[in-house]
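Read the structure below first, then the notes.
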Protein chains: 2
Amino acid sequence: MSLAQPATWQGVRAEVQRRIRTHQWAPGDPIPNEADLAVEFGCARATVNRALRDLAQAGVLERKRKAGTRVAVNPAGRAVLRIPLIRDEIAEAGLAYGYRLLGSRTACPPDPVRDRLDLAPGTQALHLTALHSGDGAPFVAEDRWINTATVPDASRADFTVQSANEWLVRAMPFAEGRIEISVVAAGSEMAAIFGCDPGAGLLRVERQTWRDGRQITVVALTYRPGHRLVSQL
Amino acid sequence: MSLAQPATWQGVRAEVQRRIRTHQWAPGDPIPNEADLAVEFGCARATVNRALRDLAQAGVLERKRKAGTRVAVNPAGRAVLRIPLIRDEIAEAGLAYGYRLLGSRTACPPDPVRDRLDLAPGTQALHLTALHSGDGAPFVAEDRWINTATVPDASRADFTVQSANEWLVRAMPFAEGRIEISVVAAGSEMAAIFGCDPGAGLLRVERQTWRDGRQITVVALTYRPGHRLVSQL
DNA sequence: CCGAATTTGTCCGTATGTATA
DNA sequence: TTATACATACGGACAAATTCG
């Protein structure tokens with residue numbers, strides 16, 4: 001019964017996956033422990049560990065100390081959405097990138113934004129609006145608030161030449177974030193920018209980023225009509 | 001200057017990340033090889049390897065044999081979008097799940113679908129339409145095509161009691177996939193289902209899944225107005 | 001075009017730590 | 001409390017890939 005081949009961790013992973021696919025090990029079932037599998041496969045326990053750890057990270061297995069390893073009940077998929085710089089996103093679409101700063105001022109953000117920037121009432125923040133274009137045509141509109149308490153340098157940066165998008169990834173790398181994708185009806189402003197009917201549905205991506213628990217920025221990106229986000233499972 | 005602390009791979013990872021954050025190691029720069037770092041940190045090379053591999057998978061580092069390890073030029077973020085069962089998605093919203101099959105028939109799919117199912121012209125496929133509801137109100141409409149050549153059992157399954165969504169994850173686990181997110185204007189049908197104006201923008205998620213290069217299914221999910229997809233960076 | 005050197009990738013066997021049933 | 005199973009560490013070794021002379 002033993003193929004006895006997989007001396008590599010990828011081989012072990014493939015064999016384990018095969019047993020799950022064929023329901024030899026059914027969802028919810030416990031599988032043998034690392035030591036036993038190492039004996040069966042004729043490899044070191046560390047090799048089995050590497051394979052099982054990989055499958056656990058992929059969501060195929062669930063592991064707990066002492067409880068052992070079991071096949072995940074729902075092969076809960078996760079899709080990975082790439083978040084490139086807007087410049088790269090437009091370049092990947094085969095278009096020439098263009099950028100224009102529309103507005104820059106410090107002001108008191110509206111309550112929902114103030115909450116997400118973790119600011120005290122009455123505190124001001126930096127508000128930027130900008131337009132990113134592809135081959136000269138509007139591609140995505142940016143509406144951003146920056147917490148100047150967390151990123152004081154932002155007050156002195158010149159966002160007419162470099163977009164806040166690019167400035168921030170250099171100034172504050174390794175930020176954590178949260179993304180919300182929704183549909184918004186075009187107001188008169190967006191309708192004018194994108195040349196669509198007011199009320200038309202536009203794809204909106206809102207990102208909130210922070211680092212070490214300190215809020216950095218909140219940005220809403222409104223894409224031109226017909227834009228699609230693509231993700232690999 | 002050596003903190004000499006990190007005896008664990010997480011410690012090594014933290015220290016490396018700190019050096020990148022502080023631009024001690026700048027984007028594009030090569031960093032010392034594993035052996036040297038192991039000496040500096042006073043740990044085994046395997047421990048350094050574990051840390052650097054983790055950072056590489058996170059997109060922070062780029063590694064190539066012989067060429068060495070360098071700091072990634074663009075901290076290209078990736079967001080992870082959870083893809084739960086629709087049942088779970090609705091349950092997580094705190095709503096009671098409901099399901100109703102609207103239509104089930106075999107037919108020749110339209111060309112775009114036929115392409116993505118990798119079917120020869122004139123070949124038939126299984127076409128399902130269904131409605132998933134939360135607390136009795138329509139939540140998401142499903143329009144699915146199943147390649148019966150790849151999944152012959154689908155012809156005999158009863159999708160009035162179990163949604164194709166749930167049936168497929170059990171029948172064909174570990175499928176690969178591709179997801180596209182876009183906005184679609186509500187037609188008269190969707191407007192009637194969701195009680196919105198015709199032409200209103202609705203969030204649409206299209207998934208294509210396959211396994212071992214064989215196309216399984218193509219599904220378009222149209223969500224009720226106001227729905228938001230949330231993702232962690 | 002072809003070796004040689006370098007660097008990462010992975011394996012082994014063992015040992016210890018740690019969460020938990 | 002104790003035994004179990006996973007998590008991770010070490011050092012040594014070889015393989016594989018790629019750069020470079």
Side-chain angles (χ1 to χ4, degrees), chain A residues 2-20 24-73 76, chain B residues 2-20 24-73 76:
Chain A
S2 58
L3 302 180
Q5 272 301 3
T8 72
W9 71 267
Q10 290 99 332
V12 173
R13 182 181 60 181
E15 174 59 15
V16 170
Q17 228 168 358
R18 191 189 66 76
R19 293 186 184 185
I20 297 174
Q24 187 170 347
W25 293 338
D29 280 0
I31 75 174
N33 67 41
E34 294 184 350
D36 290 349
L37 287 174
V39 171
E40 184 190 349
F41 292 140
C43 67
R45 193 171 80 86
T47 305
V48 174
N49 180 278
R50 179 92 158 82
L52 299 189
R53 213 167 6 96
D54 190 77
L55 286 171
Q57 196 184 5
V60 175
L61 296 176
E62 288 171 1
R63 320 193 73 192
K64 266 199 309 206
R65 283 174 157 128
K66 164 67 180 176
T69 302
R70 40 184 69 241
V71 181
V73 272
Chain B
S2 59
L3 301 179
Q5 273 297 5
T8 72
W9 72 267
Q10 290 98 331
V12 173
R13 183 182 59 181
E15 173 60 14
V16 170
Q17 230 170 354
R18 190 188 66 77
R19 293 186 184 184
I20 298 174
Q24 186 172 343
W25 294 338
D29 280 1
I31 75 174
N33 67 40
E34 295 185 348
D36 289 349
L37 287 175
V39 171
E40 185 192 346
F41 292 141
C43 65
R45 186 171 80 89
T47 306
V48 174
N49 181 279
R50 179 90 156 84
L52 298 189
R53 228 177 343 106
D54 190 78
L55 287 171
Q57 195 185 6
V60 175
L61 297 176
E62 288 172 1
R63 321 195 71 193
K64 264 201 305 208
R65 280 170 166 152
K66 167 70 178 176
T69 302
R70 38 185 69 240
V71 181
V73 270

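Values in this document were obtained by computation on a predicted structure and should not be read as measured data. In what follows, chains are A, B, ... by sequence order, proteins preceding strands, each numbered from 1.
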State whether Thr69(A) places a side-chain N or O below 4.0 Å from either non-bridging phosphate oxygen (OP1 or OP2) of dC6(D). yes

Provide, to the nearest angstrom, the distance between the CD atom belonging to Glu62(B) and the P atom belonging to dT7(C). 18 Å

Interatomic distance, Asp36(B) CG vs dT6(C) P [rounded to whole Å]: 12 Å

Is it the case that the side chain of Arg70(B) and the backbone of Asp29(B) share a donor-acceptor pair, with hydrogens and angles ignored and the cut-off at 3.5 Å? no

Roughly, in whole Å, what's the span from CZ in Phe41(B) to P in dA9(D)? 13 Å

Looking at the side chain of Ala67(A), which of dT19(D), dA21(C), dT8(C) is the nearest nucleotide? dA21(C)

For atom CD of Glu34(B) and atom C1' of dT7(C), their distance in whole Å: 8 Å

Let me know the distance between CG of Asn33(B) and P of dT19(D), rounded to the nearest Å. 16 Å

Out of dC11(C), dA7(D), dT8(C), whichever nucleotide has its closest atom nearest the side chain of Trp9(A): dC11(C)

Rounded off to whole Å, could you give me the CG-to-P distance for the Leu61(A) and dA7(D) pair? 11 Å

Closest heavy-atom pair and its distance - Gly59(A), Ala72(A): O-CB, 3.3 Å

Report yes if at least one side-chain N or O of Asn49(A) is closer than 4.0 Å to OP1 or OP2 of dA7(D); otherwise report no. yes

Atom-pair distance (CZ on Arg63(A); P on dA19(C)), nearest Å: 16 Å

Does Arg45(B) contact dT10(C) through a side-chain donor or acceptor facing the base, at a distance under 3.5 Å? yes

Arg65(B) (side chain) and dT18(D) (base): donor-acceptor pair under 3.5 Å: no

On the nucleotide dG9(C), are OP1 or OP2 found under 4.0 Å from the side-chain N or O atoms that Gln10(A) carries? no

Selected nucleotide, minimal atom distance to Arg53(A) side chain, candidates dT8(D), dC12(C), dC6(D): dT8(D)

Just by distance, do the side chain of Arg45(B) and the backbone of Glu34(B) share a donor-acceptor pair under 3.5 Å? no

Would you say Thr47(B) reaches dT8(D)'s phosphate, i.e. side-chain N/O to OP1/OP2 under 4.0 Å? no

Of the nucleotides dT4(D), dA17(D), dG9(C), which has the atom closest to the Lys66(B) side chain? dA17(D)

Salt bridge Glu40(A)-Arg19(A), side-chain N to carboxylate O under 4.0 Å: yes

Donor-acceptor contact below 3.5 Å, side chain Asn49(A) vs main chain Ala46(A): no

Candidate nucleotides dT7(C), dC12(C), dT19(D), ranked by approach to the side chain of Cys43(A) - the nearest: dC12(C)

Can you check the Asp54(B) CG to dA9(D) P distance for me, whole Å? 12 Å

